[in-house]
Amino acid sequence: MIFTIFKKELKDTLRDRRTLMMMLVIPMLIFPVIMNVFVSVSASFQEEAATKKIKIGIVGAPNNFLQTELNAIPASFGNKEVILYKDTLSMLADLKIDSLQLGAYVKSDFNLYLDSMKPAPLTFYFNATDMGMQERAEGYMKIIEEKAIQKRYLKLGVNQEKVKPIETTYKNIASDKEMVGKLAGGILPYIFIAFGFIGCMYPAIDLFTGEKERGTIETLLTTPVARWQILFGKMGVVVLSGLVAASCALLGLFLSIEVLDVVDNKEILNIIHSILSPSFIILLYSLLIPLTVFFAGVMIPIAVYAKSFKEAQSIITPLNIVMVLPAMVGFFPGVELNLVTACIPVVNIVLATKELITGTLDFSLVALSFSVMFVLATLAVFVSYKRFDKETNVVM
Amino acid sequence: MIEVINLSKEFVLNRQQRKELNTLEKTALAVDNISFKCEPGRVFSLLGPNGAGKTTTLRMLSTIFKPTSGTIKIAGIDAVSNSQEARKKIGFLTGSTGLYARLTPNELIQYFADLYGVSKKDLEERKERLYTLLDMKEFQNKRIGKLSTGMKQKVSICRTMIHDPEVVVFDEPTSGLDVITAENIIKLILDCKQQGKTVIFSSHIMSEVDLLCDDLAIIHKGKLLFSGTMSTFKENMKAENLTAEFIRIVHESQNA
């Protein structure tokens, strides 16, 4: 009987355009669209930044050290034009109207400071709303300062090695896979949780509140099928919808990487391929199934209680934030799966998935996370059953 | 056969319901200790004004609601303790029943036949008979959402009768229907009677009651005001017609 109900509800769900949109179309398209837009926008910005010729104004004596050295920096560090100003006021006015991107003020005896081995004061002006200009100035100054230091070493006749007492080397022992996992591993469970929740939402409302609203539940309850069987048949479709929506989102992400070539770095591509192994996918789903059941179990009592589609939607939508917000924990690099975090629902799944990606998995903690979610899912199913069994909730 | 003995139903009121009903009481007695019997091959009508407790009674008979106290026997089966078995014997149709708009009549009938455990052979036979009787063949594969009200009503009838129930419960089955569509229901009730089924229906349309019922009960504020045969009711009438008599009985109970 459960399967009969499941089959019918699935057919009904697959014929609902709204659910199909939320379950298949949007999750499938969202990443190709977003990533395509993101990549093309960032590429055009990078191109613009690389080819953009910036104007640097200098107030100071003609042929001062800064001007000479700025002009000497090759165009490969960015196209630029150096303009000498007579006063700071006119330079700042130009900077304000963006006909100048950087402005520098050096005293007229700037070169004298350098020659007399004193620190030469220099002020750079920039507009922080014009992104990247401070970094550009810092980049130029690193080159110029290095040259000035070399000059002083030469003048003082000092061996550079003698004034550098320690030669430090920093070596990263983490594998690339671990790096990607720790830094970007939170994205994968986040996608699954966010879309899993949305995927569950519409079928849950449609199959419970909708049936109440349309007046079909009464007839169903007069059939010789136990209420728990009706609940399980419907719940099966809600869980499946959540998993399908999440899988579609992942598929969309995978297609963006593989078909649309949004990742052009071969090393990262290889890491992604090595992460997406069949064993990883099996383990991932074994963690996500209890989570989706938990979502369904949380939504169903609300859907059963609500009198209209609108009422159910107005309660479940804010719940989305409560459920999905903990998933963002995965984006914080410092948070690890331990005995405490393994007991926090949603957070444990995110962190366990991250560990799965990095390959630094502690099976006892993953088992604990799974057990916590399993217990919660069972509890949520029990609450759903209690609600569904309450006659005044089911019939209007 | 339906046997109802000392049936009561009490609902617990939440704060909002208490506010809506303007009462401080924590419970509301929807059905108050009623008893009646519906015989096979006879049509029993449950009469009462809005909010009298008709729908609650019929929902208890069809096992959607559990009674607070009392006994219900459907074709000899205790519907309270063995509700699942009793449901196999019941066909339930209400005027407000919706249908799954995204399914076709064929899919819907198949679904309910599966839920009732109807064999393939029986299903095909009954489908053929009902589709011919109700002239449903033309739209059997169209989505229900695209059908007219009359067509939908035919699908509802077919759905109610597909498991060949011994007892048929109709809750205001013609409410909101035009006379042509309502006629399908009238025909169905008469057909059920002819087949020896037990039929109970609630209504407040006196012409329908006069036309169809053999026995009747009048219910008001959950209490049974009259229960007997239609002929006894007519014999003892103090008003000039059925409607006036019904109103008189209800008013009399209010003033008592």
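Chain letters run A, B, ... following the sequence lines, proteins first, then strands; residues in each count from 1.
Chosen from Arg143(B), Glu85(B), His163(B), Lys66(B), the residue pairing most often with chain A at heavy-atom distances under 4.5 Å is Arg143(B). The choice from Glu211(A), Gln229(A), Lys8(A) that makes the most heavy-atom pairs within less than 4.5 Å of chain B is Lys8(A).
Annotation for Met1(A) and Leu115(B): closest pair CE-O, 3.4 Å, computed over non-hydrogen atoms. When all heavy atoms of Leu103(B) and Lys11(A) are compared, the closest pair comes out as CD2-CD, 4.0 Å. Contact record, Leu221(A) with Thr63(B): O-OG1, 4.4 Å, taken as the closest heavy-atom pair. Closest of all the heavy-atom pairs between Thr4(A) and Tyr111(B) is O-CE1, 3.8 Å. Closest approach of Thr219(A) and Phe112(B) over heavy atoms only: O-CE2, 4.2 Å.
A 6.0 Å sphere centred on CZ of Phe309(A) holds more than 12 heavy atoms belonging to other residues, nucleotides or ligands. Other residues, nucleotides and ligands contribute only 12 or fewer heavy atoms inside 6.0 Å of the CD atom of Gln16(B). Atom OH of Tyr285(A) is surrounded by more than 12 heavy atoms from other residues, nucleotides or ligands within 6.0 Å.
Counting heavy atoms from C-beta on, the side chains of Arg59(B) and Glu218(A) come closer than 4.5 Å. At least one side-chain heavy atom of Thr222(A) sits less than 4.5 Å from a side-chain heavy atom of Ile64(B).
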Taking only distance into account, with no hydrogens and no angle test, what donor-acceptor pairs under 3.5 Å do side-chain atoms of residues 14-30 of chain A form with protein atoms, sequence neighbours excluded?
unit_1	atom_1	unit_2	atom_2	d
Arg15(A)	NH1	Arg102(B)	O	2.8
Arg15(A)	NH1	Glu107(B)	OE1	2.7
Arg15(A)	NH2	Glu107(B)	OE2	2.8
Asp16(A)	OD2	Thr19(A)	OG1	2.5

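Residue Lys89(B) does not touch chain A at all, counting heavy-atom pairs closer than 4.5 Å.
When atom types are taken as modelled, the side chain of Arg87(B) and the backbone of Val225(A) share a donor-acceptor pair closer than 3.5 angstrom.
The list of side-chain hydrogen bond (donor to acceptor under 3.5 Å, both in side chains) pairs with a residue in residues 309-322 of chain A, not counting sequence neighbours, reads Tyr202(A)-Gln313(A).
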